[in-house]
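Within every chain, numbering begins at 1; the chains are lettered A, B, ... in the order of the sequence lines, protein sequences first and strands thereafter. Just so you know, these numbers use all the heavy atoms, side chains as well, and skip hydrogens, waters and symmetry mates.
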2 protein chains.
Amino acid sequence: MKLDDAAARLEALGNPTRLKIYRALVRAGAEGLPVGRLQAKLDAAASTLSHHLKSLVVVGLVTQTREGTTLVCHANYDIMRDLLGYMVEECCAEGSCAPVVLPKVA
Amino acid sequence: MKLDDAAARLEALGNPTRLKIYRALVRAGAEGLPVGRLQAKLDAAASTLSHHLKSLVVVGLVTQTREGTTLVCHANYDIMRDLLGYMVEECCAEGSCAPVVLPKVA
DNA sequence: ACGGTATTTCTAGAAAAATAGAAATATAGA
DNA sequence: TCTATATTTCTATTTTTCTAGAAATACCGT
């Protein structure tokens with residue numbers, strides 16, 4: 001991942017509303033969440049939410065699949081993994097950020 | 001770490017100039033880098049750089065120590081580790097982002 | 001084709017960020 | 001104290017982001 005891409009993705013996540021969106025999508029798991037559900041959950045205007053979602057989609061962190069009249073959103077783990085990988089590689093001294101190695105929760 | 005803090009830190013890193021600053025500080029290691037060196041390296045106006053540095057200092061990602069007339073900047077690994085930890089915990093499905101476990105470079 | 005639900009795009013205003021020149025501050029040394 | 005160097009703060013301008021209402025579009029069922 002190039003620095004500019006990483007910065008764009010970090011910026012996309014660097015807004016409370018968008019970070020909440022992303023977190024909600026991760027928690028929703030593989031089935032994802034319809035835009036409408038997100039809207040209810042976050043209590044934002046539809047147009048505002050759509051705007052934020054677009055930011056996340058543009059940088060690849062979120063994907064959308066249409067199911068009839070509803071748009072279902074999914075967290076894109078591949079991009080997130082690459083982003084975290086970038087941060088660990090480029091922005092950590094060896095060992096200093098290693099504790100990230102703790103995702104062995106399950 | 002609270003969501004708002006994580007978002008603020010991600011936003012701080014979510015700008016190409018600031019991400020370059022942070023990366024340069026990581027690469028500089030324990031001795032850090034004076035503001036002037038950063039300025040030369042990034043080729044930005046002094047006031048602009050100072051402004052960006054402040055953003056990073058405010059969210060705790062960078063610390064500064066004065067050495068005579070020069071201000072030396074350091075990456076704060078603790079905050080970065082916590083931030084990465086937050087992202088792995090809150091924004092990853094178990095396993096999906098695990099490959100972050102690769103920092104065993106050295 | 002029509003009606004309804006879901007979502008986006010358009011539009012616009014307010015707030016915040018980025019940029020950088022000029023002036024101010026801090027520190028060290030003569 | 002005066003000078004020089006390093007850096008920040010002040011100020012202003014331009015650009016971008018955030019917000020959300022209103023209108024438009026997409027899709028489905030009848």
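Close to C/dT8, at under 4.0 Å from its OP1 or OP2, lies a side-chain N or O of A/S50. Under 4.0 angstrom from either OP1 or OP2 of D/dA20 there lies at least one side-chain N or O belonging to A/T48. B/Q64 has no side-chain polar atom (N or O) that falls below the 4.0 Å cut-off from OP1 or OP2 of D/dT7. For the OP1/OP2 pair of D/dT7 and a distance below 4.0 Å, the side-chain nitrogens and oxygens of B/K54 include no atom meeting the criterion. Distances shorter than 4.0 Å separate none of the side-chain N or O atoms of B/N15 from OP1 or OP2 on C/dA17. Taking side-chain N and O atoms only, B/H52 has no distance below 4.0 Å to OP1 or OP2 of C/dA17.
As rounded to whole Å, 13 Å separates atom P of D/dC18 from atom CG of A/L49. The CG atom of B/L10 sits 17 Å away from the C1' atom of D/dT17 (whole-angstrom rounding). The interatomic distance linking B/I21 (CD1) with C/dT19 (C1') rounds to 13 Å, in whole Å. As a whole-Å value, the separation of A/H51 NE2 from D/dT16 P is 14 Å. Computed from coordinates, the A/Q39 CD to D/dG21 P distance equals 11 Å when rounded to whole Å. For the pair A/L56 CG and D/dC18 P, the interatomic distance rounds to 11 Å; values are reported in whole Å.
Among D/dC10, C/dT7, D/dT7, the nucleotide with an atom closest to any side-chain atom of B/S47 is D/dC10. Which of C/dT8, C/dA18, D/dT7 sits closest to the side chain of A/A46 comes down to C/dT8. Minimum atom distance to the side chain of B/T70 is reached by D/dT7, of the listed D/dT7, C/dT8, C/dA6.
A/R37 comes within 4.0 angstrom of no nucleic acid atom, judged by non-hydrogen atoms across all strands.
Atom CG of B/L13 is separated from atom CG of B/L19 by 6.0 Å, given to the nearest 0.5 angstrom. Note: B/M1 CE to B/E90 CD = 10.5 Å, rounded to the nearest 0.5 Å. Interatomic distance, B/S55 OG to B/N15 CG, rounded to the nearest 0.5 Å: 8.0 Å.
No donor-acceptor pair closer than 3.5 Å links the side chain of A/N76 to the backbone N or O of A/T63.
Across the interface with DNA chain C, nearest-nucleotide mapping of A/E11 and A/L53 shows A/L53 to be the residue nearer the 5′ end.
Each of B/H51, B/H52, B/E11 was evaluated against B/R18; a single residue qualifies, B/H52, per the side-chain hydrogen bond (donor to acceptor under 3.5 Å, both in side chains) test.
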Annotated protein contacts, base or backbone, on nucleotides 23-30 of chain D with a non-hydrogen cut-off under 4.0 Å, one of B, S, - each: ----SS--

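Follow the hydrophobic side-chain contacts under 4.5 Å out from B/V59 and you reach B/L71 in the same cluster.
For residues 31-48 of chain B, no pair satisfies side chain to side chain donor-acceptor pair (under 3.5 Å), with sequence neighbours left out.
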